[in-house]
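A short write-up of the structure that comes next.
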Amino acid sequence: MSTTRIEVFDDADALSRAVAGELLARLEAAQAGGGSPQVALTGGSIAERIHAALGEAGPRSEVDWGRVVVWWGDERFVAPDSAERNALDARRSFLDRVGVPDAHVHEVAATDTTATVGDAAAAYAEAIREHGSGAFEVVMLGIGPDGHCASLFPGHPALDVADAITVAVRESPKPPPERVSLTFEALNRSRAVWFVASGEEKAEAVARALADDGDLHETPARGVTGLPDVDGSPTEVVWFLDRPAASRL
Ligand code: 6PG
């Protein structure tokens with residue numbers, strides 16, 4: 001059974017710095033236990049602030065960046081150098097600054113190497129099967145005003161994909177239209193799920209996601225709860241919010 005923790009911060013800057021600090025501490029702890037933690041990053045505006053905070057604090061931390069493996073919960077199927085790529089910002093602001101080896105940064109294929117978004121989804125699943133460790137240390141997720149997370153959108157058939165760890169998303173309501181997303185099955189293979197949300201426009205979706213009752217088809221963020229437990233300790237779902245995003249709780 002997972003536990004839920006809600007952390008509320010005055011503003012997006014305090015939120016971003018707190019998430020960065022907790023991630024660094026969690027990576028250090030995982031490595032102290034002999035692990036090579038695998039993390040799934042997310043896209044979006046608050047994620048970009050978190051990447052900048054990680055790029056600033058990461059080099060001063062005790063994390064051995066040669067023993068961190070990075071994935072994305074979702075990625076846009078666009079050119080590799082497009083500003084719309086989630087990986088582009090993460091690399092420039094964070095990963096390149098701390099020195100995660102390129103072999104440990106697993107990007108979803110872009111339009112320069114795969115013909116279709118379906119091919120990119122299949123290739124990403126293959127990469128996870130080959131280089132994944134079976135469970136993420138942390139899955140980080142933004143949330144949309146409609147309650148989507150990763151590229152799992154309300155009412156979309158991707159929500160019901162049960163026999164695959166990745167899914168090709170077409171006609172995304174959030175541009176760009178073509179994306180690759182981890183499925184709930186893959187997102188839930190995690191010891192910790194961290195939702196990050198900033199701004200009044202997220203408040204209603206956050207409240208729906210945290211309500212006692214609701215349907216993941218209407219609020220996909222409700223579908224990510226992590227593993228039931230790992231080595232007997234419950235998975236942690238943490239909501240990192242600024243005051244406006246928490247204003248409907
Ligand atoms: C994406 C993201 C998406 C994002 C949310 C929140 O590729 O678009 O992964 O799930 O995290 O839409 O984005 P904002 O923080 O920009 O609102």
Side-chain angles (χ1 to χ4, degrees), residues 9 11-16 18-20 23 39-54 70-80 82-91 93-94 106-111 117 120-121 124 136 138-156 158-159 166-184 186-188 190 193-209 216 219-224 237-247:
F9 301 89
D11 55 33
D13 188 54
L15 161 58
S16 308
V19 174
L23 182 62
V39 179
L41 300 178
T42 188
S45 53
I46 190 64
E48 291 177 2
R49 295 179 77 127
I50 293 167
H51 298 155
L54 285 163
V70 176
W71 304 88
W72 276 266
D74 71 325
E75 183 57 282
R76 293 85 176 279
F77 188 60
V78 293
S82 163
E84 291 189 302
R85 286 282 285 187
N86 292 333
L88 196 69
D89 172 76
R91 280 184 177 277
S93 303
F94 165 34
H106 297 284
E107 286 195 38
V108 177
T111 53
V117 65
Y124 198 46
F136 296 109
V138 179
V139 159
M140 208 174 291
L141 291 167
I143 182 171
D146 60 358
H148 81 258
C149 60
S151 286
L152 300 175
F153 294 94
H156 198 284
L159 299 178
T166 65
V167 61
V169 173
R170 299 174 179 86
E171 299 174 18
S172 163
K174 176 179 181 182
E178 291 194 323
R179 295 150 169 261
V180 172
S181 185
L182 294 185
T183 57
F184 285 129
L187 291 169
N188 278 319
S190 186
V193 175
W194 292 2
F195 286 98
V196 292
S198 168
E200 179 72 37
E201 70 278 10
K202 304 298 177 70
E204 195 268 331
V206 168
R208 287 207 325 267
L216 66 80
T219 310
R222 296 182 65 86
V224 189
V237 178
V238 188
W239 287 79
F240 295 93
L241 309 169
D242 65 9
R243 289 205 189 291
S247 60

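Order of appearance sets the numbers: ligands from 1, and atoms from 1 within every ligand.
Going from atom NE2 of His148 over to atom NE2 of His156 covers 12.0 Å, rounded to the nearest 0.5 Å. Interatomic distance, CG of Asn86 versus CD of Glu48, reported as 8.0 Å (0.5 Å rounding). Remark: Asp74 CG to Leu41 CG distance equals 10.5 Å, nearest 0.5 Å. Between the CZ atom of Phe240 and the CG atom of Leu141 there is a distance of 12.0 Å, given to the nearest 0.5 Å. One distance of note links CH2 of Trp71 with OG1 of Thr166; it measures 11.0 Å at 0.5 Å rounding. Atom CZ in Arg179 sits 14.0 Å away from atom CZ in Arg170 (nearest 0.5 Å).
Put simply, the side chain of Lys202 does not reach to within 4.5 Å of the side chain of Phe195, judged on heavy atoms.
With hydrogens left out, the protein atom closest to atom 6 (C) of ligand 1 is Ile143 O, 3.6 Å, a heavy atom. Nearest protein heavy-atom neighbour of atom 17 (O) of ligand 1: Lys202 NZ, 2.6 Å. Nearest protein heavy-atom contact of atom 5 (C) of ligand 1 is His148 NE2, 3.5 Å. In terms of protein heavy atoms, atom 9 (O) of ligand 1 is closest to Asp74 OD1, 2.7 Å. In terms of protein heavy atoms, atom 11 (O) of ligand 1 is closest to Gly43 O, 2.7 Å.
Tested against Val193, the residues Leu187, Val224, Val238 include a single side chain to side chain contact (heavy atoms under 4.5 Å, CB included) partner, Val224. Only one option out of Ile50, Asp242, Val196 pairs with Ser16 in a side chain to side chain contact (heavy atoms under 4.5 Å, CB included); it is Ile50.
Here is the list of ligand 1 atoms found below 4.0 Å of a heavy atom in Gly142: 11 (O). Atom numbering of ligand 1 starts at 1 in the shown order; those under 4.0 Å from a heavy atom of Ile46 are 15 (O). Less than 4.0 angstrom separates some heavy atom of Gly44 from each of these atoms of ligand 1: 13 (O), 14 (P), 15 (O), 16 (O). Close approach of ligand 1 to Thr42 (heavy-atom distance below 4.0 Å) involves ligand atoms 9 (O), 11 (O).
At a 4.0 Å cut-off, at least one heavy atom of Arg179 sits close enough to ligand 1 to count as contact.
Considering Ser45, Ala12, Ala245 only, the shortest heavy-atom separation from atom 15 (O) of ligand 1 involves Ser45.
Only the backbone of Ala150 comes within 4.0 Å of ligand 1, counting heavy atoms alone; no side-chain atom from C-beta on gets that close. Residue contacts with ligand 1 for Asn86 involve side-chain atoms from C-beta outward but no N, CA, C or O (heavy atoms, distance under 4.0 Å). By the criterion of a heavy-atom distance under 4.0 Å, the side chain of Lys174, and not its backbone, is placed next to ligand 1.
Geometrically, ligand 1 and Arg76 share a nitrogen or oxygen pair separated by less than 3.5 Å.
Across every non-hydrogen atom of Ala246 and Leu241, the tightest pair is CB-CD1, 3.9 Å.
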